[in-house]
Asks: 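Mind looking over this structure? Questions follow.
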Amino acid sequence: MTDFTVEQRAERPFVGVSMTGELAHWDRVNAQVPKVYAAIAAGGGVPEGGPIYQYHRMRTATDPMDITVSVPVAAPMEIEEGFHTGVIPAGRYLVARPQGGPDVLEQVHAQMWQWASVQDLELAVEERADGIRWRARTEQFLTDPQTEPDRSKWAVEVAYLLK
C-alpha cells in the first residue's frame, strides 16, 4: 500500500489547456503536454516541474472526463490563445507519491478514497448526475519519461483537496 500524507499547500499557478478526454484515447490528452511547454517558452515563462493533469469531472473511467493538462509556473503569465493560466487552489491536500507511473494510478486512487474515509477526511468533491466534480484532484508526473523510459520507475504525485 502507498503511504499517504496530509499537506497544507499554497496555491500553484499553471499554464494549461482544458479539454474532454477518454482513457481509450489518452494519447490525445498526452499530446497537449509538449504544446503547453512550448506555449510557456513562447510567453517567456519557465516551467516549475513536470506536467500536472487536473481532473475536474468524471463519471466512470470509461466515460469522457473534463481535465486540464497543465504545467506549473512561478506566477501567472500572459499566454497565447488556446491556452490559459490559473491556479490550483491553496488548502489541505491528501497526497500520495507512488512509483509505477500510470500503471498504478487506478489502485492508488482507490486506496486514497478508502484511507480518507478511515481517517474521517472529507474530499472536496461534489457528486452530480453528470459525474463526480472535484475542486482539485491532480496527478503530477515527477519523472521525465525521456530520461527514464521504464514506466515502473516513474514517480507520480497524486493530490486531492480536502474540505
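Being a predicted model, the structure only gives us computed values, none of them experimental. Side chains included, hydrogens not; waters and symmetry mates left out as well; all remaining heavy atoms used.
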Asks: Between I132 and L23, is there shared hydrophobic-cluster membership here, with clusters defined by ILVMFWY side-chain heavy atoms closer than 4.5 Å?
Replies: yes
Asks: Does S152 reach the main-chain N or O of G100 with its side chain, forming a donor-acceptor pair under 3.5 Å?
Replies: no
Asks: Of all the heavy-atom pairs spanning R28 and M19, show the shortest one and how long it is.
Replies: O-CE, 4.0 Å
Asks: Run the side chain to side chain contact (heavy atoms under 4.5 Å, CB included) check on T68 and V17 step by step: do they pass?
Replies: CA-CA 5 Å; T68 299; V17 60; over 6 Å; no
Asks: Which is it for V29 and V69 under the side chain to side chain contact (heavy atoms under 4.5 Å, CB included) test, yes or no, and what are the steps along the way?
Replies: CA-CA 7 Å; V29 175; V69 178; 3.6 Å; yes
Asks: One pair to check against side chain to side chain contact (heavy atoms under 4.5 Å, CB included): I40 and V46. What are the steps and the verdict?
Replies: CA-CA 7 Å; I40 292 170; V46 176; 5.8 Å; no
Asks: For P102 and F141, which heavy atoms make the closest approach, and how far apart are they?
Replies: CD-CE2, 3.9 Å
Asks: Hey, any chance I88 and I79 share a hydrophobic cluster, counting ILVMFWY side chains that come within less than 4.5 Å of each other, even indirectly?
Replies: no
Asks: Please evaluate residues V33 and Y53 with respect to the criterion side chain to side chain contact (heavy atoms under 4.5 Å, CB included), reporting the C-alpha separation (whole Å), side-chain torsions for both, the decisive distance (0.1 Å), and the verdict.
Replies: CA-CA 10 Å; V33 173; Y53 294 79; 3.4 Å; yes
Asks: Would you say V6 and V108 are hydrophobically clustered, going by side-chain heavy atoms of ILVMFWY under 4.5 Å?
Replies: yes
Asks: For the CD1 atom of I67 and the CE atom of M58, what is their distance to the nearest 0.5 Å?
Replies: 8.5 Å
Asks: Work out which heavy atom in G91 is nearest to a heavy atom in L161; give both atom names and the distance.
Replies: CA-CD1, 3.9 Å
Asks: Closest approach of A74 and P13, non-hydrogen atoms and distance?
Replies: O-CG, 3.7 Å
Asks: Can you tell me how far NE2 of H56 sits from OG1 of T20, rounded to the nearest 0.5 angstrom?
Replies: 10.0 Å
Asks: Could you state whether W134 and I52 fall into the same hydrophobic cluster, counting links through intermediate Ile, Leu, Val, Met, Phe, Trp or Tyr residues with side-chain heavy atoms under 4.5 angstrom apart?
Replies: no
Asks: Measuring only between side-chain heavy atoms, which start at C-beta, is W154 closer than 4.5 Å to Q99?
Replies: no
Asks: Has the side chain of E148 got a donor or acceptor atom that lies under 3.5 Å from a matching backbone atom of D150?
Replies: yes
Asks: Are V158 and T138 close enough that some pair of their side-chain heavy atoms sits under 4.5 Å apart?
Replies: no
Asks: Considering the options Y93, W113, Y55, which one meets the side-chain hydrogen bond (donor to acceptor under 3.5 Å, both in side chains) requirement together with Y160?
Replies: W113
Asks: Would L105 end up clustered with W26 when hydrophobic side chains under 4.5 Å apart are linked, directly or stepwise?
Replies: yes
Asks: Does the side chain of R128 come within less than 4.5 Å of R133's, by heavy atoms?
Replies: yes
Asks: Using a strict threshold of under 4.0 Å (side-chain N to carboxylate O), is an ion pair present between R97 and E7?
Replies: yes
Asks: Working to the nearest 0.5 angstrom, can you tell me the gap between Q114 CD and Q111 CD?
Replies: 7.5 Å
Asks: Return yes when atom CD of Q107 has more than 12 non-hydrogen atoms of other residues, nucleotides or ligands closer than 6.0 Å, and no otherwise.
Replies: no
Asks: If you measure from CZ on R59 to CG on D130, what distance do you get to the nearest 0.5 Å?
Replies: 6.5 Å
Asks: Side-chain contact, heavy-atom cut-off 4.5 Å: V15 with H84?
Replies: no
Asks: Hey, does F14 have a side-chain heavy atom less than 4.5 Å from the side chain of T85?
Replies: no
Asks: Is it true that H109 and E139 share a donor-acceptor pair across their side chains at a distance under 3.5 Å?
Replies: yes
Asks: With a 6.0 Å cut-off (strictly less than), is the heavy-atom count around CD of E106, excluding the residue itself, greater than 12?
Replies: no
Asks: What is the minimum heavy-atom distance between L94 and A116, and which atoms define it?
Replies: CD2-CB, 3.8 Å
Asks: Does the distance from a Lys or Arg side-chain N to an Asp or Glu carboxylate O, for E157 and R9, drop under 4.0 Å?
Replies: yes
Asks: For Q8, is the CD atom crowded, meaning more than 12 foreign heavy atoms sit under 6.0 Å from it?
Replies: yes
Asks: Mind listing the closest non-hydrogen atom pair of E11 and V87 along with its distance?
Replies: OE1-CG2, 3.8 Å
Asks: Is the closest side-chain heavy-atom distance between K35 and F83 below 4.5 Å?
Replies: yes
Asks: Taking the side chain as everything from C-beta on, heavy atoms only, tell me whether P51 gets closer than 4.5 Å to Q140.
Replies: no
Asks: Is the closest side-chain donor-acceptor distance between Q54 and S70 under 3.5 Å?
Replies: yes
Asks: Does R135 CZ have over 12 foreign heavy atoms under 6.0 Å away?
Replies: no
